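Take a look at the structure set out below.
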Amino acid sequence: MDGFASQPKAAAGRSGVYDALIVGAGFSGLYQLLRLRDRLGLAALVLEAGDGVGGTWYWNRYPGARCDSESHSYSYYFSEELLRDWEWSERYPEQPEILRYLNHVADRFDLRRDIRFGTRVSAARHDEAENLWRVTTEAGESFAARFLITAVGCLSTANVPNIPGLDEFKGEWYHTGQWPHGGVDFTGKRVGQIGTGSTGIQAAPVIAAQAAHLTVFQRTANYSVPARNAPLSPDFLRWSKENHAEIRRVMHSTTNGHPFTISERSALDATPEERLSAYEAAWEKGGLQFRAAFRDILTDKAANDTAAEFIRAKIREIVKDPETAAKLTAFDHPFAAKRPPIDTEYFETFNRPNVSLVDVRASPIERITPRGIETRDAEHELDVIVFATGFDAMTGPLLNIDIRGRGGLRLKDAWAAGPRTYLGLGVPGFPNLFTVTGPGSPSVLCNMPVAIEQHVEWITGCIEHMRKRGLGLIEAEADAADRWVEHVNEAADATLLPQASSSWYLGANVPGKPRVFMPYAGGMAWYRGICEDVAAKGYEGFALAD
Ligand code: N01
């Protein structure tokens with residue numbers, strides 16, 4: 001095939017050669033399919049491991065699973081009709097409601113007919129002679145396409161720590177990211193939960209309300225701010241429907257793609273009284289916007305200390321047992337240097353008589369026994385273990401597929417020292433591969449739908465550009481990727497984010513994973529400008545060919 005002339009749909013079906021294969025039917029994959037198929041008229045197919053749409057939200061069904069972005073911003077903004085159709089019920093959308101939303105999108109735009117469910121991609125190889133990606137699935141099926149677009153999510157590869165003895169545990173165990181679809185009944189059970197990240201902080205209060213006893217195993221004390229979830233009022237719903245353009249404008253103008261702006265004031269310029277009053281107001285308001293109370297919370301350690309101290313004092317006020325409060329506030333990193341959770345009565349949960357906290361930094365988990373979890377100092381008898389232990393983030397879902405580029409180069413080898421991309425969109429040595437929200441893009445530091453829409457639209461624009469010019473090949477240049485990786489590091493170093501040594505942003509939660517700061521911390525709005533500029537300059541930093 002020379003150049004790039006779209007396959008007629010029926011021809012693609014017969015020959016098995018598509019214009020584009022998209023891996024994953026979550027927020028990214030659904031929108032990518034819609035753009036390529038309905039806007040460019042391409043033959044595109046989505047391959048999805050699950051039996052339904054939803055991606056991350058298809059798998060993460062753990063108790064309390066809810067998004068930390070506010071509902072009215074956790075939506076696609078590409079369609080006014082879709083925005084008008086859909087009504088969220090609460091300030092933060094709960095997992096079942098997000099799944100209903102994504103199913104609604106799939107139905108409304110008739111996407112299912114181009115999605116193959118129950119199809120897990122195991123390998124993808126670039127065939128240089130034919131300039132095609134050849135994709136194989138776990139079941140042994142083969143597909144081919146000019147473009148391969150990964151829409152595999154950033155937090156989709158469950159990280160179950162390798163603790164000796166798990167095989168011998170007589171009870172049940174679950175990872176929050178692979179939760180049984182029928183749910184888990186904790187009634188009368190002694191439950192142990194390992195992990196106190198965003199997931200664990202959402203799950204613990206809900207599990208505690210049902211279980212006979214909950215033991216939370218905490219390795220790193222985590223900050224959290226009340227979410228203040230509540231039903232959305234008719235006034236708010238009306239306001240948000242009448243102000244889509246303005247909400248979109250704010251989301252597109254800010255660092256994190258959320259519908260609120262960050263204060264222009266320094267925490268250090270405020271008097272102690274002004275600071276306290278700003279933090280009190282932010283605490284009352286709740287949610288991720290707490291960190292927007294001052295502009296330098298994420299860039300200046302002294303400013304950050306003021307926020308950390310405020311939260312520490314709040315936790316001490318809430319938690320009645322001083323020893324438990326001390327464990328919960330023994331922070332080893334600046335506030336929000338790890339992704340800051342928001343919660344519904346997380347700290348209050350430790351006042352319940354059926355909840356206890358084990359500090360596994362002081363008394364590490366040594367093994368899992370048939371009866372429970374053994375730490376250095378005690379054996380905790382359990383009926384259920386919940387691993388809220390996070391994900392092999394960002395690179396995990398990509399490296400789980402055996403992706404091979406030019407000359408058989410394995411992505412695993414190309415990234416042995418850490419991910420190396422250009423804009424988080426392209427990888428040198430891997431022509432015609434696009435990575436939606438890939439490492440090196442703002443992705444997880446941004447309200448995800450905002451990051452996803454920008455990537456999908458950029459990729460679509462790029463393919464359209466190639467088609468108009470009869471070009472069939474695009475590949476990130478090695479020196480452009482080197483410069484980008486350097487810039488990603490500089491952007492991270494300008495913040496306090498790399499100071500959280502156990503953060504998954506750095507890959508530090510997975511033993512043996514290279515410690516490289518993966519997401520782009522320079523801000524979504526800034527990044528969007530860079531991508532637009534690259535496109536305006538004829539895709540500068542990418543090599544294009546027939
Ligand atoms: O995972 P995490 P998560 N022994 O990696 C602990 C998004 N998210 O699923 O900090 C003992 O943050 C680990 O301890 P430590 C969000 O972006 C979004 O909670 O490494 N403990 C930590 O406490 C979030 O950041 C929503 O010392 C072990 C926890 O497990 C991301 O997903 C909701 C351990 C893992 O925390 C990941 O969050 C939920 C071990 N061997 C999540 N291994 C939304 O609202 C790990 N831990 C959209």
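In each ligand, atom 1 is the first atom listed, and ligand 1 is the first ligand listed. Predicted model, so just to flag it, every value in this text is computed and none were measured.
Of all atoms in ligand 1, numbered sequentially from 1 with element shown, those under 4.0 Å from a heavy atom of Tyr62 are 33 (C), 39 (C). Taking every non-hydrogen atom of Gly195 and a distance limit under 4.0 Å, the qualifying atoms of ligand 1 come out as 6 (C), 23 (O), 29 (C), 30 (O). Which parts of ligand 1 touch Cys67 is read off a 4.0 Å heavy-atom cut-off, strictly below it: atoms 44 (C), 45 (O), 48 (C). Ligand-side atoms of ligand 1 in range of Arg66: 44 (C), 45 (O), range being under 4.0 angstrom from any heavy atom. Interface atoms of ligand 1 facing Pro161, defined by a heavy-atom separation under 4.0 Å, are 41 (N). For ligand 1, the atoms closer than 4.0 angstrom to any heavy atom of Thr196 are 22 (C), 23 (O), 29 (C).
Asp68 places no side-chain N or O within donor-acceptor distance of the main-chain N or O of Pro341, the cut-off being under 3.5 Å. Remark: the backbone N or O of Ala211 is not paired with any side-chain donor or acceptor of Arg190 at under 3.5 angstrom. Without hydrogens or angle criteria, Gln32 side chain to Ala151 main chain gives no donor-acceptor distance under 3.5 Å. Formation of a donor-acceptor pair under 3.5 Å by the Arg219 side chain with backbone atoms of Arg361 is not found in this model. With hydrogens and angles ignored, the 3.5 Å screen pairs no side-chain donor or acceptor of Thr495 with any backbone N or O of Thr299. A side-chain donor-acceptor contact under 3.5 Å links Arg61 to the backbone of Tyr58.
Within the structure, ligand 1 lacks Val444 among the residues with a heavy atom less than 4.0 angstrom away. Heavy atoms of Phe217 come nearer than 4.0 angstrom to ligand 1 in no pair at all.
Among protein heavy atoms, the minimum distance from atom 20 (O) of ligand 1 is reached at Arg219 NH2, 2.9 Å. Looking only at protein heavy atoms, the nearest one to atom 32 (O) of ligand 1 is Leu155 CD1, 3.4 Å. With respect to atom 11 (C) of ligand 1, the closest heavy atom belonging to the protein is Ile194 CG2, 3.5 Å. Ranking protein heavy atoms by distance to atom 37 (C) of ligand 1, first place goes to Trp504 NE1, 3.6 Å. Thr199 OG1, 3.8 Å is the protein heavy atom nearest to atom 38 (O) of ligand 1. For atom 10 (O) of ligand 1, the nearest non-hydrogen atom of the protein is Lys338 NZ, 2.5 Å. Ranking protein heavy atoms by distance to atom 27 (O) of ligand 1, first place goes to Thr220 OG1, 2.5 Å. Among protein heavy atoms, the minimum distance from atom 24 (C) of ligand 1 is reached at Ser198 OG, 3.5 Å.
A distance below 6.0 Å separates the ring centres of Trp484 and Tyr520. In this structure, Trp504 has its ring center at least 6.0 angstrom away from the ring center of Phe391.
Distances from atom 26 (C) of ligand 1 to the heavy atoms of Gln193, Arg339, Gln218 put Arg339 nearest.
With a heavy-atom cut-off of 4.0 Å, Ala388 touches ligand 1 through its backbone alone. Within the 4.0 Å heavy-atom criterion, neither part of Tyr505 lies near ligand 1. For Asp68, heavy-atom contacts with ligand 1 shorter than 4.0 Å involve the backbone as well as the side chain.
Aromatic ring pairs are classed by plane angle as parallel below 30°, tilted from 30° to 60° and perpendicular above 60°; the pair Phe27 and Tyr76 is tilted. Ring geometry for His244 against Tyr77 counts as perpendicular: the plane angle is over 60°, on a 0 to 90° scale with 30° as the lower cut.
Taking CG of Asn60 as the reference point, atom OG1 of Thr199 lies at 6.5 Å (rounded to 0.5 Å).
Heavy atoms from other residues, nucleotides or ligands lying under 6.0 Å from CH2 of Trp239 number more than 12.
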